[in-house]
Amino acid sequence: MTTDQKTIALLQTLGLSAYEAKAYAALARIGSTTPFALAEEAGIPRTKIYDTIKRLEREHWITVEKGRPGKITPVCPGDAIGSRKSALLAGIDQMANEFTMTYEKRTEVNPPKTSIVRGIGNITIKTADMMRRARTSLYLFGTLYYPEELEPIKQQLDAAKRRGVILRISSNNPVRTKEKILDVRESFSRVTKDFQTAPEPFIRTLTIDGREMLMMFPLPEDESADRANLVALWIENEMVTKAINNAFNIMWANPEWTGNSA
């Protein structure tokens with residue numbers, strides 16, 4: 001009877017050679033035996049069996065009773081495998097910590113890609129470009145909109161929804177601009193019901209797929225947006241964007257914040 005290859009491979013991850021793994025697996029299955037009987041049971045050449053036994057004994061996988069022929073007994077698998085499993089897991093944890101520290105240092109010396117976008121026209125174009133790239137999630141939150149933006153944003157929301165993108169929109173409503181008062185909920189609810197009214201700050205943030213974001217903000221003037229000072233900051237960085245998404249999702253799920261409590 002042979003041992004399956006998966007078991008042999010797992011024993012090899014604990015430091016055994018192929019012959020050693022086969023020998024220990026056979027001993028665990030049949031119990032104490034003689035060298036030549038073990039060689040036959042495990043499928044190991046007789047010329048290799050004594051070297052295999054010496055290594056297993058030296059590494060405390062088996063005990064050998066001296067005599068002619070010697071009797072070979074496996075160490076209890078719970079002891080033989082358990083101690084090595086603990087050492088292996090400890091080594092893996094240490095390796096993971098070291099790699100994480102190296103990775104975090106690398107991210108610190110590689111700052112996020114960023115750019116400044118100025119003017120409502122350029123911001124509208126950038127917003128539409130980002131929304132076209134959305135494949136998994138599109139979050140839009142804040143209280144900063146202009147009349148000419150609503151239709152392009154609505155079109156991109158509709159296209160993203162058809163692609164199966166998760167949409168979440170949160171805004172104060174209505175939104176006051178110098179030109180007019182905008183009913184944002186009415187504009188976007190024709191596309192998606194995933195809209196919440198909340199006391200959002202006087203900015204607007206768009207995040208796409210947890211990897212890039214556009215934060216738009218003006219210098220406020222009498223509770224309305226000053227077009228002359230409108231600017232947006234674009235950031236392409238997974239860590240920063242996911243942090244913003246996490247904060248937004250906490251608020252999204254909080255009915256007291258959104259005013260949607262019963």
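Just so it is clear, the model here is predicted, and its values are computed rather than measured. We number each residue from 1, following the sequence as shown.
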Between D129 and R133, does any NZ, NE, NH1 or NH2 come within less than 4.0 Å of an OD or OE carboxylate oxygen? no
Could you walk me through whether L230 and M216 pass the side-chain contact (heavy atoms from CB on, under 4.5 Å) test, one step at a time? CA-CA 7 Å; L230 190 64; M216 170 181 167; 3.6 Å; yes
Chi angles and distances behind the side-chain contact (heavy atoms from CB on, under 4.5 Å) call for T205, L214: CA-CA 6 Å; T205 302; L214 184 70; over 6 Å; no
Do I244 and I250 share a hydrophobic cluster, counting only Ile, Leu, Val, Met, Phe, Trp and Tyr and linking them when any side-chain heavy atoms are less than 4.5 Å apart? no
With rounding to the nearest 0.5 angstrom, report the CG to CG distance, N245 to D209. 9.5 Å
Membership question, hydrophobic clusters at under 4.5 Å side-chain separation (ILVMFWY): are L10 and I8 in the same one? no
Residue pair Q156 / K161, side-chain heavy-atom distance below 4.5 Å: no
Does the side chain of V117 come within less than 4.5 Å of V231's, by heavy atoms? no
Which pair of heavy atoms, one from A23 and one from L38, lies closest together, and at what distance? O-CD1, 3.6 Å
Give the minimum heavy-atom separation between L150 and S187, together with the two atoms involved. CD1-OG, 3.6 Å
Is the closest side-chain donor-acceptor distance between T100 and N97 under 3.5 Å? no
Pairwise side-chain contact, L157 with I169, heavy-atom cut-off 4.5 Å (strictly under): yes
List the atom of S137, the atom of G210, and the distance in Å for their closest heavy-atom pair. OG-N, 3.9 Å
Considering residues at least two apart in sequence or located in another chain, which fulfil the side-chain contact (heavy atoms from CB on, under 4.5 Å) criterion with T73? S32, T63
Joint hydrophobic cluster, V75 plus I81, side-chain heavy atoms closer than 4.5 Å: no
If we only count heavy atoms from C-beta on, is the F188 to I153 side-chain gap below 4.5 Å? yes
Can you tell me how far apart CD1 (I62) and CG (L56) are? Round to the nearest 0.5 Å. 5.0 Å
R55 and G15: which non-hydrogen atoms are nearest, and at how many Å? NH2-O, 3.4 Å
Are the side chains of M130 and L206 in touch, meaning some heavy atoms are under 4.5 Å apart? yes
Flag yes if I30 and I72 sit in one hydrophobic cluster, no otherwise; membership is Ile, Leu, Val, Met, Phe, Trp, Tyr, and two members link when side-chain heavy atoms are under 4.5 Å apart. no
Would you call the rings of F248 and F141 parallel, tilted or perpendicular if under 30° counts as parallel and over 60° as perpendicular? parallel
M101 versus F99: any side-chain heavy-atom pair under 4.5 Å? no
We want to know whether E238 and T241 form a side-chain donor-acceptor pair, criterion being a heavy-atom distance below 3.5 angstrom. no
Should K154 and E151 be marked as a side-chain contact (heavy atoms from CB on, under 4.5 Å) after you check the CA-CA gap, both sets of side-chain angles, and the distance that decides it? CA-CA 5 Å; K154 185 169 67 174; E151 187 58 30; 3.2 Å; yes
Apply salt bridge (charged side-chain N to carboxylate O under 4.0 Å, His left out) to residues E41 and R29 and explain how you reach the verdict. CA-CA 10 Å; E41 178 68 24; R29 187 171 61 247; 3.0 Å; yes
Of all heavy-atom pairs linking I208 and M131, the shortest is CD1-CA, 4.0 Å
Can you find a heavy atom in the side chain of N249 that is under 4.5 Å from one in the side chain of R168? yes
Taking atom CD1 of I44 and atom CD of E20, what is their separation to the nearest 0.5 Å? 9.0 Å
L16 with I49, same ILVMFWY side-chain cluster at under 4.5 Å: yes
Test salt bridge (charged side-chain N to carboxylate O under 4.0 Å, His left out) on K113 and E212 and set out the steps. CA-CA 9 Å; K113 294 179 182 179; E212 63 174 319; over 6 Å; no
Could you tell me whether the side chain of F36 reaches within less than 4.5 Å of the side chain of R46, counting heavy atoms only? yes
Between L27 and T33, does the side-chain contact (heavy atoms from CB on, under 4.5 Å) criterion hold? Intermediate values first, please. CA-CA 8 Å; L27 285 168; T33 190; 3.6 Å; yes
Euclidean distance, Y139 OH relative to L167 CG, rounded to 0.5 Å: 10.0 Å
Atom pair CG (D79) and CZ (R84), whose distance is rounded to the nearest 0.5 Å: 10.0 Å
Ring pair (Phe, Tyr, Trp, His ring centres under 6.0 Å) pairs touching residues 11-31, sequence neighbours excluded, are Y24-W61
Going from CG on L88 to CG on L14, what distance comes out if it is rounded to the nearest 0.5 angstrom? 6.5 Å
Do we see a donor-acceptor contact under 3.5 Å between the side chains of R211 and N237? no
Counting only N and O atoms by type, is there a donor-acceptor contact under 3.5 Å from the side chain of Q155 to the main-chain atoms of P152? no
Looking at every non-hydrogen atom in both residues, tell me the closest pair between R132 and R163 and how far apart they are. O-NH2, 3.5 Å
